Protein chains: 2
Amino acid sequence: MYASSANISERQAAPPPLAISTVIFALRPSESSGRPTLWIPLVRRIREPFLGLWALPGGPPSAVESLQDAASRNLAETTGLAPEYLEQLYAFGGLHRSPGQRVVSIVYWALVQPTEAAMAAESENVKWFRADRLGDLAFDHQHIIDYALGRLRNKVAYGSVAYHLLGEYFTLAQVREVYEAVLDRELDPANFRRELKASPEIVETDKYLQGGKHRPPRLYRFTGLPGLDPDNRSTP
Amino acid sequence: MYASSANISERQAAPPPLAISTVIFALRPSESSGRPTLWIPLVRRIREPFLGLWALPGGPPSAVESLQDAASRNLAETTGLAPEYLEQLYAFGGLHRSPGQRVVSIVYWALVQPTEAAMAAESENVKWFRADRLGDLAFDHQHIIDYALGRLRNKVAYGSVAYHLLGEYFTLAQVREVYEAVLDRELDPANFRRELKASPEIVETDKYLQGGKHRPPRLYRFTGLPGLDPDNRSTP
DNA sequence: GCAAAAGTGTTGAGCTTACACCCATGA
DNA sequence: TCATGGGTGTAAGCTCAACACTTTTGC
């Protein structure tokens, strides 16, 4: 009988090793249409298994950092990115995720702003891909990305997540484009703008976006809070 | 640079050990009002730290079982229960969850039917508590339970989870009582029944619940699917 | 018959949706 | 001045919440 989740010295078999991975989303204009689409940075496998294939950035957590910090560090090390939004996705621990040793991966998902994404480190072994056009990936990473996409869609549909894919100032039409890219369907501009203006987290500024072809749209800011990591108890 | 979530041999420090815990919910009639309320089984700590305090059932996963199977086994070993519903809750991995060694806990949450719950093993070291009246718990387990309660409330409000707390046959009023217990507010019986009858997953039977004080209500069944664990990829 | 829960009907408020329309700007 | 996206108005339709009402049982 095991009476605690925090004492593992009570069983013989070695528990499976742990790794942290992150699915990172950013917006980039599509090469064809120019409209914003979702992109994901991947890193190339430099050893077996799956040598040469693309995979999610990840690695083992160190003993002295929280899981979320591990995801952050990892993300900075591989891609140079500092995410605007970072949330735990799921812990994957199936027996056959990896040939050879079995690994438990705690996966995070992140949103980065386009300014960040633009100056992200890209190299021989780090490349960005359109989220809907990935090739063959290592391990179960395609499956993980599909799950992350589902979560993103869900969070966008309800919550206040879309703004983390945009810069500090944005037009309401830009927000709509994010929704349209993520949900993959068109939305009524008139009704969408009304809905956003009803939300108190979106505040109007007195700036306008200049340089467009037509009437310059007003810029807005998002003032909502990022949402807390549940892995923090109030009684330390 | 760490190119994979499934290869941990690339870093020096030993990763933190892993444990699985489960928050188990079942309905029992309240001693005072007789109306159904949420109860949770806990196990007593039989060693330091937190010796003597109550804690969530849990233990290390073995190397040869999936995380969900580990939660299931664990649950059977400690409480004798076979849950009707089992879903991953969150991976808790803060640095200060446990005095002494740092542990990462992947926590599941479960719903068991009242028949199961009634014949659950109870002993000196395993007891059931009202979810809203727990004493001091070991580790961050109170915090975890609060989070699980939030998830349960959310899933009940939207989804099709309430039926897993009931037996195979149930009246619509019983479903309403579950909602009322979980959400902690009263619901309009007329509107609630209409909403349920609109759902195709709830099918009418030709049985009636006899033995009540008044008009015998019709019994219904739930035909929905349990919802899949995301930790299963389709390409094996 | 009476009390109480099972079960049905109805109505108004409010929100969503579709779309007509005006506004401001670059070319 | 015209094309285009920014931005506003509005009416139909639907959903939801409140509550009056009928039905069926045990006592």
Side-chain angles (χ1 to χ4, degrees), chain A residues 27 29-30 33-36 154 156-160 162-163 166-167 169-181 183-222, chain B residues 29-30 33-36 154 156-160 162-163 166-167 169-222:
Chain A
L27 290 177
S30 151
S33 72
R35 293 147 61 94
N154 195 52
V156 162
Y158 292 89
S160 44
Y163 317 103
L166 296 167
Y169 294 94
F170 49 81
T171 71
L172 299 188
Q174 285 171 341
V175 181
R176 178 168 50 79
E177 284 181 321
V178 175
Y179 273 69
E180 290 178 338
L183 303 180
D184 196 30
R185 64 188 168 93
E186 302 208 334
L187 300 168
D188 186 310
N191 296 328
F192 186 81
R193 104 183 321 270
R194 236 192 307 273
E195 199 181 323
L196 288 193
K197 295 201 78 166
S199 152
E201 295 173 322
I202 312 231
V203 299
E204 182 175 295
T205 71
D206 48 8
K207 298 190 203 322
Y208 290 82
L209 178 64
Q210 305 293 342
K213 290 198 191 78
H214 305 293
R215 170 175 174 178
R218 188 187 284 275
L219 290 169
Y220 292 78
R221 280 189 319 116
F222 177 69
Chain B
S30 151
S33 72
R35 294 147 61 92
N154 195 52
V156 161
Y158 293 89
S160 44
Y163 316 104
L166 296 166
Y169 294 94
F170 49 81
T171 70
L172 300 187
Q174 285 170 341
V175 181
R176 178 169 50 80
E177 284 182 321
V178 174
Y179 273 68
E180 289 178 339
V182 171
L183 303 179
D184 196 29
R185 64 188 169 93
E186 302 208 333
L187 300 168
D188 185 310
N191 295 330
F192 186 81
R193 106 185 315 273
R194 236 191 308 272
E195 198 182 323
L196 288 192
K197 296 202 78 164
S199 154
E201 294 172 322
I202 311 228
V203 299
E204 180 175 297
T205 71
D206 49 7
K207 298 189 203 317
Y208 291 82
L209 178 64
Q210 304 293 342
K213 290 200 192 76
H214 305 292
R215 172 175 173 177
R218 187 187 285 276
L219 290 169
Y220 292 77
R221 278 189 320 116
F222 178 69

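Here the structure is a predicted model, which means the values were calculated and not measured. So that the names make sense, note that chain A is the first sequence line, chain B the second, and so on, each numbered from 1.
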Q: Measure CZ/A:Arg193 against C1'/D:dG9 and give the value in whole Å, please.
A: 13 Å
Q: Please indicate whether B:Asp184 has more than 12 foreign heavy atoms, meaning atoms of other residues, nucleotides or ligands, lying under 6.0 Å from its CG.
A: no
Q: After noting the C-alpha distance and the side-chain angles of A:Tyr169 and A:Leu209, does the key distance pass the side chain to side chain contact (heavy atoms under 4.5 Å, CB included) rule?
A: CA-CA 9 Å; A:Tyr169 294 94; A:Leu209 178 64; over 6 Å; no
Q: How would you label the contact of A:Ala173 with the nucleic acid (heavy atoms, under 4.0 Å): base, sugar-phosphate, or nothing?
A: sugar-phosphate
Q: Is there a donor and acceptor pair, one atom on the side chain of A:Arg194 and one on the base of D:dG9, closer than 3.5 Å?
A: yes
Q: Could you tell me whether the phosphate oxygens of D:dG6, OP1 or OP2, come under 4.0 Å of any side-chain nitrogen or oxygen in A:Arg218?
A: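 For D:dG6, OP1/OP2 do not have a side-chain N/O of A:Arg218 under 4.0 Å.
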Q: For A:Asn191 and D:dG7, what is the distance between atoms CG and P respectively, to the nearest whole Å?
A: 15 Å
Q: Given side chains that start at C-beta, do those of A:Leu187 and A:Asn191 come closer than 4.5 Å, heavy atoms only?
A: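 Side chain of A:Leu187 against side chain of A:Asn191, heavy atoms only: no contact under 4.5 Å found.
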Q: For B:Arg215 and A:Leu172, take the nucleotide of DNA chain D holding the closest heavy atom to each; which residue's nucleotide lies nearer the 5' end?
A: A:Leu172
Q: Can you tell me if CD on B:Glu195 sees more than 12 non-hydrogen neighbours from other groups inside 6.0 Å?
A: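 For B:Glu195, atom CD is not crowded (no more than 12 foreign heavy atoms under 6.0 Å).
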Q: Want to settle it: does A:Glu195 or A:Lys213 sit nearer the 5' end of DNA chain C, counting the closest nucleotide to each?
A: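 The answer here is A:Glu195.
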Q: What is the distance, to the nearest angstrom, from the CZ atom on A:Arg176 to the C1' atom on D:dG7?
A: 12 Å
Q: Would you kindly compare B:Tyr220 and B:His214 by the position of their nearest DNA chain C nucleotide and give the one closer to the 5′ end?
A: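 The 5'-side residue here is B:His214.
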Q: Rounded to the Å, how far apart are A:Tyr208 OH and C:dG26 C1'?
A: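 Those two atoms, OH and C1', are 18 Å apart.
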Q: To the nearest angstrom, how far is B:Leu209 atom CG from C:dA4 atom P?
A: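 That distance rounds to 19 Å.
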Q: Rounded to the Å, how far apart are A:Asp188 CG and D:dG13 P?
A: 18 Å
Q: Roughly how many Å is it from CG in A:Leu187 to P in C:dA18, rounded to a whole number?
A: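 Rounding to the nearest Å, CG of A:Leu187 and P of C:dA18 are 11 Å apart.
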Q: With the threshold set at 4.0 Å, does a side-chain nitrogen-carboxylate oxygen contact exist between B:Glu204 and B:Arg218?
A: yes
Q: Starting at atom CD of A:Gln210, determine the distance to atom P of D:dG6, rounded to an integer number of angstrom.
A: 13 Å
